[in-house]
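As structure tokens, the structure follows; a few thoughts come after it.
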Amino acid sequence: MPHDTLAFTGGFREPVFEAQSVFRTLMDCMARPGTVGSAAVAVAPPAPLCAAVGAVALTLCDNDTPVWLTPALAASALPGWLAFHAGASVTDDRQAARFAFVEKGAMLPDPGLFAQGTQEYPDRSTTLVVEIEAFTGGRPLTLTGPGIRTEEEFAPVGLPDMFVYFRAENRQNFPRGVDLILVAGDAVLCLPRTTVVRVKEA
Amino acid sequence: MTTADLATYNFAYLDEQTKRMIRRAILKAIAIPGYQVPFASREMPMPYGWGTGGVQVTAAILGPKDVLKVIDQGADDTTNAVSIRAFFQKVANVAVTTKTRAATIIQTRHRIPEEKLTSGQTLVYQVPIPEPLRFLEPRETETRKMHALEEYGLMHVKLYEDIARNGHIATTYAYPVKVEGRYVMDPSPTPKFDNPKMHMSEALQLFGAGREKRIYAVPPYTEVVSLDFEDHPFEIQTFDKPCALCGAQDVYLDEVVLDDRGGRMFVCSDTDHCEQRCASGHRGHLAHDKEAAE
Ligand SMILES: [Zn+2]
């Protein structure tokens, strides 16, 4: 298939109900950090973006939400796909981005470089959507904060060691800060800015 | 309802762009518990006083698998609740219920159901005035600043003046709370009796103010503390007698006038709670009279 026709295929088949279903997963996971939800929807964004991250993009992005892409995503057919299916435009300016997308294997950018919101309007911040390898099998991390009864745990594969440091920095700025949507395969796990992430004590 | 009927509406009335905008606001609201996220509130086919903020939140989250309950005060059968329920049946063909435990989404104007909510449930509040500082400071720019700087001294002064005037804190509705030790929040016009139910609730709580264009949230398992003083601790209303129909104690009661000779009784404001209790054999001291009358 020629490169540029990719942009016109692979969107939602039932936009109203698929967007609602993906949103409810995101809402439930944002409200209960550490809980794994499903975003299994048959969308087909251009490589290297995976289906579930594509579904998140179509659920939340439109012409009111400039998006930032990693170099590999920016060089792919994704900008055209986002423009066609969501009406969303790409920006290089991390401070202007409402969403940022990172594919599996790419280096996680420092969340501190994105819009943090202001003290008066902390909601005006970037949400990072990051695909990783898996939520189990890596170094165990504990999660505490609103939405968590006592403590949650996950063991991500594909996040840098710096991740815990990034989260601590992020937490210090509260109520400012970025929120994180992690995707592994069809599974979704959210870490709002309130979630405290620590390396699990052995 | 046929497919042809449904096709004349957007599912759940709102267009997809509006839903996306509201959904983004909801995610931010959950991420910043108690903070009021501005949103571009839409005109709805009902007046503002009818809970258009709550209706827009419900419309943005609602799906085909949901079961919706709508209450006004604690009742499912008042005009406001009946209209909103009928609206969503028409525009979303959604299943509805009056049973608290059967609902996935409960939209409310005042009360939090007596039955403990669980983790599969979302409570959507219709909020008239979302800003707890509005009566102290009318300027939005100033209240924003006060929230930004955590300057909540004025709020305490107001409660203190209440005590000076009345000997106790006289505020009984929309009693301010602090969420997760950070934002002071107005729990909509709920009676303060319900404030403790917000604390560490298993359910997600979403608040929509249509006229004031604000959405805010309390995630599950989040601290919600009613403002008070060590020497004047927060107290909820207590009722002298149990419910006249089901005998329930420790529930919120409404006064009902029985006749024109001044006869009156106190019954559960939460009608579903009362009916469930009556159905399982609980009886209050006037239950017999009611059965005889029917
Ligand atoms: Zn009763």
Side-chain angles (χ1 to χ4, degrees), chain A residues 12 14-33 35 56 58-65 86-88 98-99 117-125 127 144-152 170 174-181 190-195, chain B residues 10-12 15-17 19-40 60-66 92 104 119-120 122 140-141 143-150 179-183 200 202-206 215-223:
Chain A
F12 280 141
E14 291 198 72
V16 172
F17 296 106
E18 287 172 337
Q20 188 274 338
S21 152
V22 173
F23 169 71
R24 278 295 276 274
T25 293
L26 293 172
M27 183 179 92
D28 291 344
C29 291
M30 199 62 88
R32 296 173 175 81
T35 303
V56 170
L58 297 187
T59 299
L60 296 177
C61 298
D62 56 30
N63 54 11
D64 289 331
T65 61
R98 293 290 308 276
F99 292 91
T118 65
Q119 199 68 17
E120 273 86 6
Y121 293 96
D123 56 303
R124 295 178 181 172
S125 62
T127 299
T144 51
I148 301 170
R149 191 201 297 257
T150 50
E151 194 173 274
E152 283 285 340
N170 193 55
F174 190 83
R176 303 167 67 230
V178 301
D179 307 310
L180 192 57
I181 298 171
C190 293
L191 297 174
R193 66 195 74 183
T194 48
T195 308
Chain B
N10 292 307
F11 177 78
D15 63 273
E16 290 304 295
Q17 178 147 12
K19 284 183 200 163
R20 266 194 306 276
M21 177 267 297
I22 294 173
R23 287 167 179 169
R24 291 193 297 261
I26 289 171
L27 294 183
K28 291 295 182 190
I30 292 169
I32 317 168
Y35 165 75
Q36 300 164 49
V37 182
F39 81 109
I61 69 175
L62 191 71
K65 288 185 218 151
D66 280 308
T104 56
S119 63
T122 302
E140 168 73 13
T141 47
T143 54
R144 282 266 152 205
K145 236 176 258 167
M146 289 157 79
H147 284 296
L149 301 170
E150 267 186 281
V179 180
E180 202 62 25
R182 177 58 179 82
Y183 282 99
M200 299 301 276
E202 284 183 32
L204 169 63
Q205 301 173 76
L206 301 176
I215 288 172
Y216 50 106
V218 175
Y221 308 118
T222 295
E223 271 187 36

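Convention: sequence-line order gives letters A, B, ...; per-chain numbering from 1.
- The contact between B:Glu202 and chain A is made by backbone and side chain atoms together, counting heavy-atom distances below 4.5 Å.
- With a 4.5 Å cut-off on non-hydrogen atoms, B:Asp66 touches chain A through its side chain but not through its backbone.
- The shortest distance between side-chain heavy atoms of A:Met27 and B:Arg23 does not fall below 4.5 Å.
- Neither the backbone nor the side chain of B:Ala25 comes within contact range of chain A, judged by heavy atoms closer than 4.5 Å.
- In this structure, chain B has no heavy atom under 4.5 Å from any part of A:Pro33.
- Contact of the B:Ile32 side chain with the A:Phe174 side chain is registered, since non-hydrogen atoms from C-beta on lie closer than 4.5 Å.
- The side-chain heavy atoms of B:Ile215 and B:Leu206, taken from C-beta on, include no pair separated by under 4.5 Å.
- Of the atoms belonging to A:Leu60, heavy atoms from both backbone and side chain fall under 4.5 Å from chain B.
- With a threshold of 4.5 angstrom between heavy atoms, B:Thr122 approaches chain A through side-chain atoms but not through N, CA, C or O.
- A:Leu58 places none of its side-chain heavy atoms less than 4.5 Å from the side chain of A:Glu18.
- At a 4.5 Å heavy-atom cutoff, the contact between A:Ser125 and chain B is made by backbone and side-chain atoms alike.
- The pair B:Lys19-A:Asp62 fails the salt-bridge criterion, with no side-chain N (NZ, NE, NH1 or NH2) lying under 4.0 Å from an Asp/Glu carboxylate O.
- Using a 4.5 Å cut-off on side-chain heavy atoms (C-beta onward), B:Lys65 and B:Thr104 make no contact.
- Salt bridge present: B:Arg144 and B:Glu140 bring a charged side-chain N and a carboxylate O closer than 4.0 Å.
- Contacts between A:Leu180 and chain B at a heavy-atom distance below 4.5 Å are absent for every atom of the residue.
- Contact tally against chain B (heavy-atom pairs below 4.5 Å) for A:Gln119, A:Arg98, A:Arg124, A:Arg176: the top residue is A:Gln119.
- In terms of non-hydrogen atom pairs under 4.5 Å with chain B, the most contact-rich of A:Pro15, A:Gly87, A:Gly117, A:Cys61 is A:Cys61.
- Chain B forms more heavy-atom pairs under 4.5 Å with one residue of A:Thr150, A:Asp179, A:Thr195 than with any other, namely A:Asp179.
- Both the backbone and the side chain of A:Tyr121 come within contact range of chain B, judged by heavy atoms closer than 4.5 Å.
- A:Thr65 touches chain B through its side chain: at least one heavy atom from C-beta onward sits under 4.5 Å away, while N, CA, C and O do not.
- Of the listed residues (A:Ile148, A:Thr127, A:Thr118, A:Leu191), the one with the most heavy-atom contacts under 4.5 Å to chain B is A:Ile148.
- Top candidate by heavy-atom pairs under 4.5 Å with chain B, chosen from A:Gly145, A:Pro122, A:Pro192, is A:Pro122.
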(request) In sequence, state the C-alpha distance, the side-chain angles, and the governing distance for A:Phe23 and B:Ile26, and then conclude on side-chain contact (heavy atoms from CB on, under 4.5 Å). (result) CA-CA 10 Å; A:Phe23 169 71; B:Ile26 289 171; 4.1 Å; yes
(message) Before you tell me yes or no, could you show the steps for B:Tyr35 and B:Val179 under side-chain contact (heavy atoms from CB on, under 4.5 Å), namely the whole-Å CA-CA distance, both residues' side-chain angles and the distance that decides it to 0.1 Å?
(response) CA-CA 9 Å; B:Tyr35 165 75; B:Val179 180; over 6 Å; no
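- Neither the backbone nor the side chain of A:Cys190 comes within contact range of chain B; no heavy atom of the residue lies under 4.5 Å from a heavy atom of that chain.
- Only the backbone of B:Ala203 comes within contact range of chain A, with at least one heavy atom under 4.5 Å from a heavy atom of that chain.
- B:Gln17 has its side chain within reach of A:Asp64: a pair of non-hydrogen atoms, C-beta onward, lies under 4.5 Å apart.
- Residues B:Glu16 and B:Asn10 fail the side-chain proximity criterion, which asks for heavy atoms closer than 4.5 Å.
- At a 4.5 Å heavy-atom cutoff, the contact between A:Arg32 and chain B is made by side-chain atoms alone.
- The candidate with the highest count of non-hydrogen atom pairs below 4.5 Å against chain A, out of B:Leu204, B:Thr222, B:Leu27, is B:Leu27.
- Between A:Thr194 atom OG1 and A:Met30 atom CE the span is 9.0 Å, to the nearest 0.5 Å.
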